[in-house]
Amino acid sequence: MASILTVDNLVGKTTANTVHVPGHFIQTVRAEYRTYTTTASSSFAATGLTASITPKFSNSKILITLIVNGLFKNNNGQFIALSLYRGSSSIAVLDTSVAYNTANDEINYGIHSNVYQHEDSPSTTSATTYTLYWRSSDAGTIGINNYNLLNGDSLSTITLQELAV
């Protein structure tokens, strides 16, 4: 015999009326960054891909998903280093990515796209900002959101999901 549970109104026990079910996502924040951006910095600098979330619970995990499109590097044999920051501190080196494109045209197409995930435990209920930082391995020009001659037509995204524990 099957049981049926019918509820007309479900109210969480916290003042914020948030139901806390371990293993479930509580909230999701997504931001897009469409601007074609370049730098020649050999020190980590912000890309512009950033988002903030205010966790409902201090013991929550934050799942960060980054989709980074149109990465390019214009110097032979070098690379782009990517790092995820919470506030002003690096919490994860994501990759050393995008070696030089040797074909004449590939640099204009920005064909490299990367996807990263990282789980963080910020231990706070205050607004928390996550930003993708990058640097050039040799101070040569690097770029993001490059798409052929229509720079800026591609976009990169960051998604923050609060996970109840």
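Residue numbers start at 1 and run along the sequence shown. Values in this document were obtained by computation on a predicted structure and should not be read as measured data.
A search for side chain to side chain donor-acceptor pair (under 3.5 Å) contacts involving E119 returns nothing, not counting sequence neighbours. Not counting sequence neighbours, the partners of S60 by the side chain to side chain contact (heavy atoms under 4.5 Å, CB included) test are I26, F57, E162. Scored by the side chain to side chain donor-acceptor pair (under 3.5 Å) test, T128 finds no partners at all (sequence neighbours excluded). With sequence neighbours excluded, the residues that form a side chain to side chain donor-acceptor pair (under 3.5 Å) with T50 are T131. For S90, the side chain to side chain contact (heavy atoms under 4.5 Å, CB included) partners are S83, Y85, not counting sequence neighbours. The ring pair (Phe, Tyr, Trp, His ring centres under 6.0 Å) test applied to Y33 returns no partner, not counting sequence neighbours. With sequence neighbours left out, the side chain to side chain contact (heavy atoms under 4.5 Å, CB included) criterion links T38 to Y36, F72, T141. Qualifying side chain to side chain donor-acceptor pair (under 3.5 Å) partners for T54, counting only residues two or more places apart in sequence or in other chains: none. Every residue meeting the side chain to side chain contact (heavy atoms under 4.5 Å, CB included) condition with T28, not counting sequence neighbours, appears here in chain and number order: T159, Q161.
Under a 3.5 Å cut-off, the side chain of S136 and the backbone N or O of S42 do not form any donor-acceptor pair. T47 places a side-chain N or O within donor-acceptor distance of the main-chain N or O of L49, the cut-off being under 3.5 Å. With hydrogens and angles disregarded, no donor-acceptor distance shorter than 3.5 Å links the side chain of S41 to the backbone of T39.
For the pair S113 and N69, the minimum side-chain heavy-atom distance is below 4.5 Å.
For the atom pair CG (L66) and CG (N114), the distance works out to 10.0 Å, reported to the nearest 0.5 Å. We find the CZ-CZ distance between F79 and R135 to be 5.0 Å, quoted to the nearest 0.5 Å. Here L160 contributes atom CG and S52 contributes atom OG; the two are 7.5 Å apart, rounded to the nearest 0.5 Å. The CG atom of L84 sits 11.0 Å away from the OG atom of S89 when rounded to the nearest 0.5 Å. Note: N59 CG to T124 OG1 = 12.0 Å, rounded to the nearest 0.5 Å. Taking CH2 of W134 as the reference point, atom CG of L82 lies at 8.5 Å (rounded to 0.5 Å).
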Chi angles and distances behind the side chain to side chain contact (heavy atoms under 4.5 Å, CB included) call for I158, Y130: CA-CA 9 Å; I158 183 171; Y130 294 92; 4.1 Å; yes
Could you walk me through whether L63 and Q117 satisfy the side chain to side chain contact (heavy atoms under 4.5 Å, CB included) test, starting with their C-alpha distance in whole Å, then the side-chain angles of each, then the deciding distance to 0.1 Å, before giving a yes or no? CA-CA 7 Å; L63 179 63; Q117 281 195 322; 3.9 Å; yes
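Taking both residues in full, the closest heavy atoms of P55 and Q27 are given as CA-NE2, 3.9 Å, listed atom of the first, atom of the second, then distance.
Cluster membership for V29 and L163, using ILVMFWY side-chain heavy atoms within less than 4.5 angstrom, is not shared. Under a hydrophobic clustering in which Ile, Leu, Val, Met, Phe, Trp and Tyr are joined whenever their side-chain heavy atoms come within less than 4.5 Å, directly or via other members, Y133 and I62 fall into different clusters. Grouping the Ile, Leu, Val, Met, Phe, Trp and Tyr side chains by contacts below 4.5 angstrom, directly or via other members, places Y116 with I64. No path of Ile, Leu, Val, Met, Phe, Trp and Tyr side chains, each step under 4.5 Å between heavy atoms, connects F44 with I144, placing them in separate hydrophobic clusters.
Remark: R86 engages D120 in a salt bridge, criterion side-chain N to carboxylate O under 4.0 Å.
Think of I67 as one node in a network of Ile, Leu, Val, Met, Phe, Trp and Tyr side chains linked at under 4.5 Å; its network also takes in V115.
Side chains of T157 and E32: a donor-acceptor N/O pair is absent below 3.5 angstrom, by distance only. A donor-acceptor contact closer than 3.5 angstrom links the side chains of S156 and N145.
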